[in-house]
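Right, one structure below, let's go through it.
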Number of protein chains: 2
Amino acid sequence: MKSLEPIGKKEKLYVKIAQQINNAIESDMYKPGDKLPTERELASQLNVSRASIREALAVLEIMNVIDVKVGDGSYVKQRTSNFQFETKDSSVFELIEVRMYIESVIVKLAIERATEQNIKAIEATNEGLRQTIKNQERIDDFFRYGVAFHKKLAEATQNDVLIQIANSLFEQDAHPLWRHLNMKVLLSYEAREHQLHEHEGILAAIKTKDQKKAEELMKHHIEHLKNMFYE
Amino acid sequence: MKSLEPIGKKEKLYVKIAQQINNAIESDMYKPGDKLPTERELASQLNVSRASIREALAVLEIMNVIDVKVGDGSYVKQRTSNFQFETKDSSVFELIEVRMYIESVIVKLAIERATEQNIKAIEATNEGLRQTIKNQERIDDFFRYGVAFHKKLAEATQNDVLIQIANSLFEQDAHPLWRHLNMKVLLSYEAREHQLHEHEGILAAIKTKDQKKAEELMKHHIEHLKNMFYE
DNA sequence: TGTTAAAATTGGTCAGGCAACTAGATTACT
DNA sequence: AGTAATCTAGTTGCCTGACCAATTTTAACA
């Protein structure tokens with residue numbers, strides 16, 4: 001005998017029901033906060049007994065998908081699915097302080113994990129800076145490349161959570177810190193040269209895997225941003 | 001043979017039943033491969049209906065604790081290191097890795113800046129944990145207090161940016177890490193006790209401003225969460 | 001002894017019932 | 001009018017008893 005494989009292992013009914021309800025939720029048929037049909041209604045709709053529905057709901061409740069309230073009904077739980085946050089009204093100091101810590105971690109992990117492609121991507125941002133300085137191109141581009149450097153650095157950590165956090169930090173266009181730095185850089189040729197120089201130094205340290213130096217350079221870099229802001 | 005104990009109050013019946021059976025398994029009353037009493041027997045022993053027993057067994061089966069075979073019985077599963085829910089293990093690792101770094105910073109800053117109110121707020125979350133353990137209240141509350149501890153700790157840094165980052169990390173209800181931890185804590189009394197104990201230790205270290213110890217305890221705490229997930 | 005068939009056991013599902021609870025409408029009171 | 005207490009319809013929580021389907025055990029038989 002060849003195929004003794006259990007071909008279609010029958011799913012238990014409560015599992016099928018749980019899957020179906022879960023699919024309905026994931027496909028936005030029911031959104032967070034929505035009330036599911038009553039147990040009796042579900043039973044009638046799916047042509048099963050209320051007992052089976054309850055077994056399925058118990059599972060979904062344990063899995064934190066729904067919230068079953070006695071005497072009321074079952075509600076789809078709220079689920080936050082990304083690591084975005086806002087920094088609108090937070091102070092410049094706070095933002096810089098956090099960057100100091102986060103980028104320190106990023107540098108450390110980037111040194112451990114950066115791929116050849118990561119390095120190339122980071123290098124490209126520095127090349128971008130160089131070009132915009134040389135050709136006196138639009139300051140917007142300069143600033144974009146500057147931010148891209150830090151983003152690409154974050155990507156080199158290979159940690160999506162960290163990448164998302166970093167991006168959130170860097171994408172606060174409206175934040176006074178960025179506005180201000182943008183202006184400073186706009187006005188000062190020297191500031192642009194300086195920033196490029198610092199980026200190049202950090203990248204060089206990462207390439208040689210000199211963690212201590214890389215972290216120190218990053219620290220100085222951010223310290224410098226801070227001074228730029230307060231001067 | 002020692003029989004399972006009757007039921008208390010408050011938490012939903014099927015949850016209590018699942019807890020009891022799980023505890024019986026974790027305390028080696030039933031070892032991997034062992035056959036549990038029949039549903040009818042469990043119902044009679046626990047003085048509950050078979051329907052409630054089945055809801056509990058459904059949960060335990062989904063959580064990969066037992067294996068329910070039709071016409072045969074329920075068997076305790078081998079405790080292996082595979083997760084039952086299809087989930088990129090990388091995602092969990094990444095979240096834990098980031099928490100490790102972020103919470104380390106949080107502890108450091110909290111020690112420097114926590115106000116009397118901050119400390120009180122953190123203490124309150126521990127008191128909440130204590131109460132829910134004592135009164136066998138709904139596990140949702142326990143989990144909420146557990147998260148609140150880390151949130152209040154973040155608030156003690158007085159850095160809004162950091163607070164928001166921390167919140168974004170802790171509010172991932174749908175993330176497999178939280179789902180899984182929620183379930184573990186739900187079933188295991190010991191896990192709850194352990195968590196409270198660790199939180200108390202961290203708070204104590206912060207109060208005495210013992211930075212080194214606090215950071216180490218936090219590290220162990222998160223390491224422990226990690227083990228809980230992978231065990 | 002080995003095979004087969006019947007019986008007992010066990011989980012799977014169902015229908016229905018009452019109690020406990022919640023939210024919303026209604027009523028009573030100030 | 002505004003507020004508090006009360007009622008009511010609807011929902012979940014839990015239980016009971018029954019029957020079905022898969023599996024194991026037992027018994028009968030060749």
Side-chain angles (χ1 to χ4, degrees), chain A residues 1 4-21 25 30 33-77, chain B residues 1 4-21 25 30 33-77 135-141 186:
Chain A
M1 292 313 154
L4 291 179
E5 285 230 14
I7 300 175
K9 58 177 180 182
K10 321 176 217 183
E11 286 278 22
K12 281 167 188 168
L13 190 51
Y14 82 84
V15 173
K16 283 198 258 182
I17 297 173
Q19 286 174 344
Q20 207 158 328
I21 296 177
I25 291 174
Y30 299 109
D34 282 2
K35 188 165 163 180
L36 294 182
T38 69
E39 295 178 351
R40 286 174 174 85
E41 231 170 294
L42 284 171
S44 135
Q45 283 181 31
L46 300 181
N47 249 312
V48 297
S49 75
R50 199 180 146 216
S52 297
I53 293 289
R54 280 186 58 79
E55 289 173 12
L57 292 184
V59 166
L60 290 174
E61 186 177 33
I62 290 299
M63 289 176 62
N64 217 19
V65 175
I66 64 173
D67 196 6
V68 183
K69 294 181 172 176
V70 21
D72 186 356
S74 301
Y75 293 82
V76 179
K77 275 211 167 183
Chain B
M1 144 176 148
L4 301 170
E5 294 195 17
I7 308 302
K9 56 189 170 191
K10 193 77 172 150
E11 183 86 76
K12 278 178 188 158
L13 191 53
Y14 80 85
V15 172
K16 290 194 206 168
I17 296 173
Q19 287 174 347
Q20 289 224 18
I21 296 177
I25 291 173
Y30 300 109
D34 281 3
K35 188 162 155 182
L36 294 182
T38 69
E39 295 180 350
R40 290 172 176 85
E41 220 169 310
L42 284 170
S44 133
Q45 282 185 35
L46 298 179
N47 258 311
V48 299
S49 75
R50 203 182 140 213
S52 295
I53 293 289
R54 281 186 55 78
E55 288 174 10
L57 292 183
V59 167
L60 291 174
E61 188 176 32
I62 285 294
M63 293 182 63
N64 222 19
V65 175
I66 64 174
D67 196 5
V68 181
K69 294 180 174 174
V70 301
D72 186 356
S74 301
Y75 293 84
V76 179
K77 272 207 164 184
N135 304 347
Q136 288 229 33
E137 282 169 20
R138 306 198 71 212
I139 199 63
D140 270 15
D141 292 334
L186 167 73

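Letters go in sequence order (proteins before strands), and every chain restarts at 1.
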Whole angstrom value for the distance that separates C1' of dC15(D) from CZ of Arg40(B): 15 Å
Any Asp67(A) side-chain heavy atom under 4.5 Å of Asp140(B) side chain: yes
Worked check of salt bridge (charged side-chain N to carboxylate O under 4.0 Å, His left out) between Lys16(A) and Glu11(A): CA-CA 6 Å; Lys16(A) 283 198 258 182; Glu11(A) 286 278 22; over 6 Å; no
5' precedence on DNA chain C between Ser49(A) and Tyr75(A) (nearest-nucleotide basis): Ser49(A)
Any Ser52(B) side-chain N or O less than 4.0 Å from OP1/OP2 of dG13(D): no
Separation of atom CZ in Arg54(A) from atom C1' in dT11(D), rounded to whole Å: 11 Å
Nucleotide interval of DNA chain C bounded by contacts with chain B (heavy-atom cut-off, under 4.0 Å): dT10(C) to dT13(C)
Heavy-atom pair with the smallest gap, counting every atom of Leu42(A) and Pro37(A): CD1-O, 3.7 Å
Salt-bridge contact Glu61(B)-Lys12(A) (side-chain N to carboxylate O under 4.0 Å): yes
Length of the line joining Leu46(B):CG and dC14(D):P, which is rounded to integer Å: 13 Å
Close side-chain approach of Ile21(B) and Val65(B), heavy atoms under 4.5 Å: no
Ile53(A) CD1 to dC14(D) C1', straight-line distance once rounded to whole Å: 17 Å
Ala51(B) vs Lys35(B), nearer the 5' end of DNA chain C by closest nucleotide: Lys35(B)
Within-4.5 Å side-chain heavy-atom neighbours: Ile62(A) and Val15(B): yes
Touch class at under 4.0 angstrom, heavy-atom based, for Leu57(A) against every strand present: nothing
Interatomic distance where CD belongs to Glu41(A) and C1' belongs to dG10(D) [whole Å]: 11 Å
Atom pair CD1 (Ile66(A)) and CG (Asp34(A)), whose distance is rounded to the nearest 0.5 Å: 13.0 Å
Residue pair Lys35(B) / Asp72(B), side-chain heavy-atom distance below 4.5 Å: yes
Between P of dG13(D) and CZ of Arg50(A), the distance in whole Å: 8 Å
Protein-to-nucleotide contact annotation, 5' to 3' order, nucleotides 21-26 of chain D [B base; S sugar-phosphate only; - none; under 4.0 Å, heavy atom]: -BS---
